[in-house]
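First the structure, in the form of structure tokens, and then the observations on it.
No hydrogens, no waters, no symmetry mates; every other heavy atom, side chains included, goes into these values. Every chain is numbered from 1 and lettered A, B, ... according to where its sequence line falls, protein lines coming before strand lines. Please read these numbers as outputs of a predicted model, since none were measured by experiment.
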Protein chains: 2
Amino acid sequence: MSVTSRALALLGAFDAGHASLTLRQLAQRADLPMATAHRLLGELVSWGALVRTASGSYEVGQRIWELGLLAPVPSGLRQLAAPFLQDVYKATAATVHFAVREETKALYLDRISGNDSIPVVSRVGGRLPLHTTGVGKVLLAYAPEDVQSYVLSHLTRMTRYSITDPRVLEEELRAVRRDGYAHTKEEMSLGACSLAVPVRNGCGEVIAALGLIVASLDPERTRLVAALEVAANGIRRSIGERHFTQ
Amino acid sequence: MSVTSRALALLGAFDAGHASLTLRQLAQRADLPMATAHRLLGELVSWGALVRTASGSYEVGQRIWELGLLAPVPSGLRQLAAPFLQDVYKATAATVHFAVREETKALYLDRISGNDSIPVVSRVGGRLPLHTTGVGKVLLAYAPEDVQSYVLSHLTRMTRYSITDPRVLEEELRAVRRDGYAHTKEEMSLGACSLAVPVRNGCGEVIAALGLIVASLDPERTRLVAALEVAANGIRRSIGERHFTQ
DNA sequence: TCCCGTCCTTCTACTGGATGGAACAAGCTT
DNA sequence: AAGCTTGTTCCATCCAGTAGAAGGACGGGA
């Protein structure tokens with residue numbers, strides 16, 4: 001167990017639900033003696049990886065934020081896609097999502113928040129299940145066999161409308177591949193429906209998904225899906241021959 | 001010189017101009033023997049702080065990106081302001097900037113790229129001088145005395161229109177405080193003009209700046225400034241009593 | 001085809017920095 | 001005021017990190 005791995009364990013103790021941690025919590029979560037954690041945290045703070053708040057707890061520092069913006073995958077694909085999310089937002093005024101699949105989860109690379117007040121649980125940099133969101137269903141529909149079978153056998157319930165029967169979901173995934181878009185009705189959070197389309201690279205592989213959140217699907221589903229498809233094609237052209245796999 | 005500080009030095013070797021580095025470069029920039037750098041980099045990669053590309057060079061990893069999104073200052077103020085940047089973008093279709101002052105630089109917290117093709121040099125997470133950008137001039141106009149005098153005596157030239165005479169700039173800063181907005185004319189990059197307004201917190205302190213880039217100032221300067229001011233006031237209301245200083 | 005330079009990786013004896021228990025200090029709560 | 005929780009400092013022990021050196025994997029030039 002190296003020093004470096006201990007310091008990284010401290011950084012790893014932070015996540016979406018734990019953005020602010022005390023020394024004790026950090027020591028526990030990283031499984032380190034408090035004295036050791038204390039010293040390492042001191043170094044991390046003095047470098048700027050963490051900051052100490054007035055109340056004494058630790059939070060992720062600005063320097064890590066800046067560093068993160070240099071990361072190639074989010075930075076590259078995300079920046080490429082950003083203007084097209086804008087377009088979708090302008091055309092629909094809905095909350096727009098851009099996500100990739102990471103293992104058996106949807107990783108949200110970007111989001112534009114609509115000015116309606118639909119409850120949205122996504123967070124940029126956060127992960128949500130593949131079977132309860134529009135972008136998730138798209139990513140799942142085009143995922144390798146083993147990922148699909150794993151997800152299909154682990155369908156957790158998020159709301160009373162979540163699909164938990166593998167056969168029902170399998171049928172939906174077929175529909176996604178047939179129709180070219182996915183939809184959800186309050187399967188992730190009550191009051192929120194979604195539409196999503198695949199984003200392909202130059203070779204035609206699905207590498208991401210583009211979706212939006214609305215209060216109800218039907219009044220203008222066709223127009224919304226069309227807006228998403230236009231943007232997805234735009235992203236595809238923009239990707240050109242560059243090799244974004246994943 | 002602790003192990004932790006060596007590992008952090010390796011992370012610190014990455015910046016906007018050096019997003020991809022080889023082992024040799026990293027060892028040089030972090031001032032470490034290659035063998036040591038190699039081992040530490042191995043640990044950083046296996047944790048996900050860095051990734052190794054097919055060509056063997058190192059880049060910042062996704063895990064750092066995710067971690068950075070938990071950082072309070074950018075995350076908090078930025079998320080708060082994001083919808084208002086959207087509003088400005090919708091009203092103007094120009095590139096919109098949101099920045100805070102950090103020491104003697106403007107730190108860009110967010111940006112929406114307009115669909116015009118004006119050359120923009122800013123980068124989210126990047127820093128630009130205070131005296132050659134709209135947001136910079138705003139931040140400088142309301143900065144403490146010592147910051148102002150430091151910047152005024154270090155006026156570097158970016159284009160042939162950059163202001164390098166302290167007395168000229170001082171006069172402009174007075175105008176900013178008087179008129180409530182700043183402007184630049186090709187002072188940072190040729191072909192780009194800018195407008196910017198201060199963003200205040202509940203106490204009336206200037207904590208950030210909101211600006212936009214246009215090809216020329218005059219046709220509708222009033223309307224553009226008005227759009228910025230509306231958004232800045234919206235952010236202020238949104239901040240409410242929360243204590244964003246800086 | 002061979003050589004040589006560059007860049008990366010692995011090995012290992014040595015040593016100096018990291019460890020964590022314990023004692024101390026500073027807040028809160030009862 | 002006593003007692004609890006949480007954070008900080010110290011220091012003897014010792015194990016993990018160090019970096020030199022040697023080995024490998026390319027790739028370009030003669």
(message) Test your reading of the model: is there a side-chain donor-acceptor pair from A/E59 to the backbone of A/R52, 3.5 Å cut-off?
(response) no
Between protein and nucleotides 22-28 of chain D, what N or O pairs are separated by less than 3.5 Å?
none

(message) Tell me every residue that passes ring-ring contact (aromatic ring centres under 6.0 Å, His included) with B/Y150, counting only those two or more places apart in sequence or in another chain.
(response) B/H154
(request) Please say whether more than 12 non-hydrogen atoms of neighbouring residues, nucleotides or ligands are located less than 6.0 Å from CG in A/D31. (result) no
(request) Any pair with a residue in residues 4-29 of chain B that passes salt bridge (Lys or Arg N to Asp or Glu O under 4.0 Å), sequence neighbours left out, goes on the list, sorted by first then second residue, please. (result) B/D15-B/R29
(request) Identify, with sequence neighbours excluded, every residue that meets side chain to side chain contact (heavy atoms under 4.5 Å, CB included) alongside B/S153. (result) none
(message) What is the distance, to the nearest angstrom, from the CG atom on B/L23 to the P atom on C/dC8?
(response) 5 Å
(message) For A/S2 and B/E43, which I'm curious about, is there any donor-acceptor pair between the side chains at under 3.5 Å?
(response) yes
(request) Give, ordered by number, those residues of residues 2-12 of chain A having at least one heavy-atom distance below 4.0 Å to an atom of DNA chain D; if nothing qualifies, reply none. (result) A/S2, A/V3
(request) Could you pull out all residues at least two apart from A/R63 that satisfy side chain to side chain donor-acceptor pair (under 3.5 Å)? (result) none
(request) Could I get the full list of side chain to side chain donor-acceptor pair (under 3.5 Å) partners for A/S194, not counting sequence neighbours? (result) A/T184
(message) Give the residues of residues 28-36 of chain A touching DNA chain C, defined as any heavy atom closer than 4.0 Å, sorted by residue number.
(response) A/P33, A/A35, A/T36
(message) Considering only residues two or more places apart or on different chains, which pairs with a residue in residues 134-151 of chain B satisfy salt bridge (Lys or Arg N to Asp or Glu O under 4.0 Å)?
(response) B/K137-B/E172, B/K137-B/E187
(request) Take atom CZ of B/R24 and atom P of C/dC8, then tell me their distance rounded to the nearest Å. (result) 7 Å
(request) Provide the full list of salt bridge (Lys or Arg N to Asp or Glu O under 4.0 Å) pairs with a residue in residues 65-80 of chain B, sequence neighbours left out, each pair given once. (result) A/R127-B/E66, B/R78-B/D110
(request) Report yes or no: is the cationic atom of B/R200 (NZ for Lys, CZ for Arg) under 6.0 Å from the centre of the six-membered ring of B/Y142, at an angle within 45° of the ring normal? (result) yes
(message) I'd like to check the ring-ring contact (aromatic ring centres under 6.0 Å, His included) partners of A/H97; sequence neighbours left out, ordered by chain and number.
(response) A/Y108
(request) May I ask you to test the B/S238-B/F84 pair for a side-chain heavy-atom distance under 4.5 Å? (result) yes
(message) Give the residues of residues 38-54 of chain B touching DNA chain D, defined as any heavy atom closer than 4.0 Å, sorted by residue number.
(response) B/R39
(request) Can you figure out which of D/dT6, C/dC8, C/dT9 approaches the side chain of B/Y58 most closely? (result) C/dT9
